Colleague: 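Below: one structure in structure tokens.
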Amino acid sequence: MSVFNQSRSTVIRLIFAGIFIVILVQLVNLQLFSGKYKTLALNNAVYPKVKYPDRGIIYDRKGKAILNNTIMYDLEVTPTQIKGVDTNYLCQLLGIDTAEFRKRIITSIIKNGRYRPSIFEDLLPPVVHARLEENIYKFPGFSLVERPVRTYPFRAAAHILGYIGEADSNIIKRSDNFYRLGDFVGRSGLEQYYENVLMGKRGVEYMIKDNKNRLVGKYENGAFDTAAVAGRNLRTYLDIEVQQLAEKLMKGKVGGLVAIEPKTGGIIAMASGPNYDPNMLTGPDKQKNFNKLFLDVSSPLLNRAIKGQYPPGSTFKPLGALVALDEGVISPSFGIGCNGAYYGCARPVKCLHSNPGHAANLRLAIANSCNSYFTHIYRLAVDANKFGNVKNGYQEWKYYMNAFDLGVRVGVDLPSEDKGNIPDSSVYNKVYRNSWNSCTNLTLGIGQDMMLATPLQLANSMCIIANKGYYYTPHFVDKFDLETAEDTLMNKFRQKHEPLTKISDEAFEAVMSGMQDVVEIGTAKMAQLPGINVCAKTGTAENYRVIDGKRTKLKDNSVFVCFAPREDPKIAIAVVVENAGYGGTWAGPIAALMMEKYLNDTLRPERIKEVERIAAADLMPGWVIREQYKQDSIRAFKWFKMTNDTSVIRRFLERGATFPKEQPEETPPAPERRTVKMMNEAILPAEKKNKTQRTHPIS
């Protein structure tokens with residue numbers, strides 16, 4: 001054999017040897033190391049049944065479960081395992097057509113792939129679940145999965161407790177794929193804020209499937225199963241009976257209220273109107289109900305207690321008094337002579353009083369709610385010589401406001417809180433081209449101009465006064481089960497804040513005395529409680545809304561703040577009712593009933609009638625009906641343009657709707673010439689009350 005042939009023979013042998021080695025290595029890899037085919041085999045014979053954990057239960061301050069769990073079932077589909085399914089029969093059981101069936105299968109493939117289970121229909125009604133359970137073996141690729149569902153036994157606290165919904169792609173992405181399609185997560189309220197505490201941990205139960213795709217037993221006797229771990233329970237400060245009362249009183253009204261325990265910052269109750277039954281957003285009809293609530297122009301999904309922004313009006317005056325006292329520009333004995341208006345600026349600020357002595361000292365000025373007095377002391381505070389100029393003085397005044405938690409987010413344990421508005425000096429520089437003084441925004445002294453506050457902020461400011469300068473961040477949750485040192489979520493709510501303890505006790509006592517007089521001889525007599533000293537302040541604020549492109553003046557907002565007992569405060573409340581007139585007309589009686597219920601754990605028999613009177617009052621503004629009609633008809637027209645379906649739009653063309661008429665302002669007032677109403681909640685002689693004008697232009 002030639003050398004060339006010997007060399008070629010060697011090369012051929014090496015090639016065959018190399019191929020043999022590659023095959024041998026691959027066989028060893030497949031047999032000993034690779035789990036690919038084992039996984040495929042297991043997928044054909046073993047079904048991993050996800051066991052969703054029970055979410056944590058939420059309790060009120062008396063140990064009542066106000067948010068609990070029940071069991072429903074989801075129908076899951078694994079597209080690659082669908083073989084020989086009687087589609088028509090399945091569609092008949094589910095009440096859908098074959099086109100919807102195909103659409104759902106395609107959607108599940110797009111979202112989760114062919115080989116992974118996806119939710120085909122969630123939260124099956126009991127009747128549908130029973131029918132499917134009897135016939136599920138006829139539908140290879142489909143399976144029934146238990147799903148713990150939230151239930152609200154008291155049908156209350158919807159805005160507080162929140163709701164859960166299926167994790168979407170954005171939530172899954174933000175969680176680094178910790179969540180997966182089919183997982184439910186908190187989408188609002190305490191459910192969202194305390195998601196990591198409430199959610200628990202998923203479990204998996206491996207089941208053996210037979211050749212007909214039926215589950216016939218546990219794989220390896222459950223050796224590889226993992227148990228679901230229930231979420232931890234929350235213990236709150238809420239009093240569910242007071243909460244139910246608050247929601248009943250706010251029925252048929254727009255606004256918000258908050259009740260706080262001053263010494264802990266624990267929120268006793270929080271209501272927003274309009275409201276809704278939280279059970280609407282659980283169960284099989286949750287999506288339909290959510291769409292209905294979302295399209296309601298009165299915004300029942302909006303928590304106005306933390307997102308409604310209102311001028312505080314006269315309820316701000318006790319805060320302005322404390323600032324002036326601490327700055328040293330007045331003393332408790334400081335008084336002014338007011339004959340019906342404040343003339344210190346080019347624009348007079350009218351007062352509902354002209355009787356001598358109604359503002360002879362601070363206590364009387366608070367009791368009589370003298371606009372002139374509080375406008376004047378605001379100017380004294382920001383114009384004090386020690387600041388050099390009004391801009392520096394205003395920034396110091398704004399610092400006090402922020403210390404009262406006005407113009408900043410309070411930090412409540414709910415998502416999406418708004419911060420209201422205490423404008424910075426830069427805002428006035430921009431609006432007035434850097435040329436302004438204390439006369440420009442003098443109505444800040446009576447809680448108007450650009451000042452806005454949420455009911456939560458107003459209630460917390462009352463806590464600060466009640467505590468004489470300190471507060472704890474308002475929050476609902478006192479603690480949660482199995483809390484450890486590593487759980488830092490609650491730390492910020494247990495930190496004592498003392499931004500205004502530098503204000504003397506004498507200053508606080510002077511302001512409290514004036515607020516107690518408001519209840520005993522002033523505009524808040526309806527808030528008197530037998531044997532309990534109540535401190536309060538009524539307020540009324542203008543209410544404007546753009547309707548049909550025009551700035552329209554609506555009925556005033558009714559505002560009320562209070563705390564009690566004066567000597568040992570146990571509850572502080574703020575109530576805002578839109579379109580309701582004077583603070584003592586609606587907001588005051590609502591707060592008084594809540595105080596009595598919480599402090600005495602009951603209501604006097606004669607007060608039950610007052611509850612029914614207020615609950616029966618419908619104070620919904622007329623623009624709601626008008627705006628709902630407009631929005632519904634716009635949607636109907638858009639539907640007609642897309643589908644040429646006239647059935648929906650015909651209903652609006654044929655409807656002869658009439659709407660309450662509002663009084664529009666043709667031209668909105670410019671910043672330099674504002675129209676501001678000075679509602680000073682005065683104590684007037686009987687013969688003068690009917691003669692007093694309620695609207696006062698500032699020109």
Side-chain angles (χ1 to χ4, degrees), residues 311-321 323-324 329-330 333-383 390 394 397 432 436-451 514 517-518 521-523 537-544 553 556-557 559 581-584 665 669-699:
S314 293
T315 62
F316 169 78
K317 290 174 180 176
L319 279 64
V323 174
V329 296
I330 67 168
S333 61
F334 176 81
I336 66 170
C338 172
N339 59 3
Y342 176 73
Y343 295 101
C345 297
R347 299 174 298 159
V349 177
K350 292 188 178 181
C351 179
L352 292 185
H353 301 278
S354 58
N355 55 304
H358 72 267
N361 56 52
L362 175 62
R363 182 170 179 172
L364 284 169
I366 293 176
N368 291 282
S369 196
C370 178
N371 284 337
S372 300
Y373 187 95
F374 290 96
T375 301
H376 182 61
I377 67 172
Y378 164 74
R379 293 194 63 214
L380 291 178
V382 298
D383 286 338
V390 67
Y394 177 79
W397 182 87
Y432 297 102
W436 58 278
N437 55 38
S438 61
C439 285
T440 307
N441 54 18
L442 79 170
T443 56
L444 286 172
I446 51 176
Q448 300 197 41
D449 195 71
M450 298 184 189
M451 183 186 298
D517 285 349
V518 172
I521 61 173
T523 53
K537 188 71 190 74
T538 55
T540 308
E542 283 189 325
N543 183 18
Y544 287 91
K553 183 183 181 301
D556 301 324
N557 293 337
V559 191
Y582 285 104
E665 286 187 342
E672 292 79 4
R673 295 183 58 83
R674 297 183 299 278
T675 299
V676 181
K677 181 165 36 176
M678 305 306 163
M679 305 307 302
N680 71 354
E681 307 299 321
I683 307 168
L684 291 176
E687 66 272 18
K688 292 186 178 181
K689 287 184 180 178
N690 296 328
K691 298 179 181 180
T692 305
Q693 291 185 347
R694 299 178 61 233
T695 303
H696 309 285
I698 295 181
S699 57

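Scope of the values below: all heavy atoms of this structure, side chains included, with no hydrogens, waters or symmetry mates. Everything numeric in this text was worked out from a predicted model, so none of it was measured.
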Colleague: What is the distance from atom OG of S438 to atom CG of L380, rounded to the nearest 0.5 Å?
Modeller: 9.0 Å

Colleague: State which residue, out of W397, F316, Y373, Y394, fulfils the ring pair (Phe, Tyr, Trp, His ring centres under 6.0 Å) condition with Y378.
Modeller: W397

Colleague: Show your working on side chain to side chain contact (heavy atoms under 4.5 Å, CB included) between M450 and T443 and close with a plain yes or no.
Modeller: CA-CA 9 Å; M450 298 184 189; T443 56; over 6 Å; no

Colleague: What is the distance from atom NZ of K317 to atom CD1 of I366, rounded to the nearest 0.5 Å?
Modeller: 10.0 Å

Colleague: Going through the distances and angles, do I446 and Y342 end up as a side chain to side chain contact (heavy atoms under 4.5 Å, CB included)?
Modeller: CA-CA 12 Å; I446 51 176; Y342 176 73; over 6 Å; no

Colleague: Within the structure provided, determine whether Q448 and L442 are in side-chain contact (heavy-atom separation under 4.5 Å).
Modeller: no

Colleague: How long is the straight-line distance from CG of N368 back to CD1 of I521, given to the nearest 0.5 Å?
Modeller: 7.0 Å

Colleague: Side-chain contact, heavy-atom cut-off 4.5 Å: Y582 with T523?
Modeller: no

Colleague: Would you say that M451 contacts P312 through its side chain, given a criterion of any heavy-atom pair below 4.5 Å between the two side chains?
Modeller: yes

Colleague: Would you check, one step at a time, whether the test side chain to side chain donor-acceptor pair (under 3.5 Å) holds for D449 with N441?
Modeller: CA-CA 6 Å; D449 195 71; N441 54 18; 5.4 Å; no

Colleague: Nearest heavy-atom pair of A367 and D517: which atoms, and what distance?
Modeller: CB-CB, 3.7 Å

Colleague: Of all the heavy-atom pairs spanning S314 and K537, show the shortest one and how long it is.
Modeller: O-CG, 3.4 Å

Colleague: Tell me if the SG of C338 lies under 2.5 Å from the SG of C370.
Modeller: no

Colleague: State whether the side chain of T375 and the backbone N or O of S372 hold a donor-acceptor pair below 3.5 Å, judged by distance alone.
Modeller: no

Colleague: Rounded to the nearest 0.5 Å, what separates atom CG in D556 from atom OG1 in T540?
Modeller: 6.5 Å

Colleague: Give, for atom SG of C439 and atom CZ of R347, the distance between the pair rounded to the nearest 0.5 Å.
Modeller: 7.5 Å

Colleague: Please report the interatomic distance NE2(H376) to CG(N371), rounded to the nearest 0.5 Å.
Modeller: 14.5 Å

